[in-house]
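To keep things clear, I will list the structure first and then write my remarks on it.
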Amino acid sequence: MNAAALLVLMLVGGLALIGPSGLLTWGEQASRLSDHEKRIAQLQERGAELENRVALLDPNNVDPDFASELVRGNLNVVHPDEYVVELEPIE
């Protein structure tokens, strides 16, 4: 009986140390949490950019410059005396 109890205690102690949520995986979990927080910040920033673009396309008050940019970009329409310079967004 004592041997069985000792074996169960050792098993529980081993799982607390090396199990999926044990002490040895704590650092890895903290690192993954940090990575996820960075990703969430990037997605929130992208969401804010998209919200701004949607606001510029409000049917009651469309921004003419933005609408012109979208139409020209999607339809590939440019006047002969215009130059198109595409820039990568600054990060």
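Keep in mind it's a predicted model, so treat the numbers as computed, not measured.
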Take atom CG in Asp81; do more than 12 heavy atoms of anything else shown fall under 6.0 Å from it?
yes
Applying side chain to side chain contact (heavy atoms under 4.5 Å, CB included) to Leu75 and not counting sequence neighbours gives Val71, Val77
Cut-off 3.5 Å, no hydrogens considered: what does the side-chain donor-acceptor table look like for residues 33-40, sequence neighbours left out?
none

Would you mind listing every salt bridge (charged side-chain N to carboxylate O under 4.0 Å, His left out) that reaches into residues 47-60, with sequence neighbours excluded?
Arg46-Glu49
For the side chain of Asn52 and the backbone of Ala48, is there at least one donor-acceptor N/O pair under 3.5 Å apart?
no
Arg72: side chain to side chain donor-acceptor pair (under 3.5 Å) partners, not counting sequence neighbours:
Ser68, Glu82
Partner of Leu70 by side-chain contact (heavy atoms from CB on, under 4.5 Å), out of Asp63, Asp65, Val62, Leu57:
Leu57
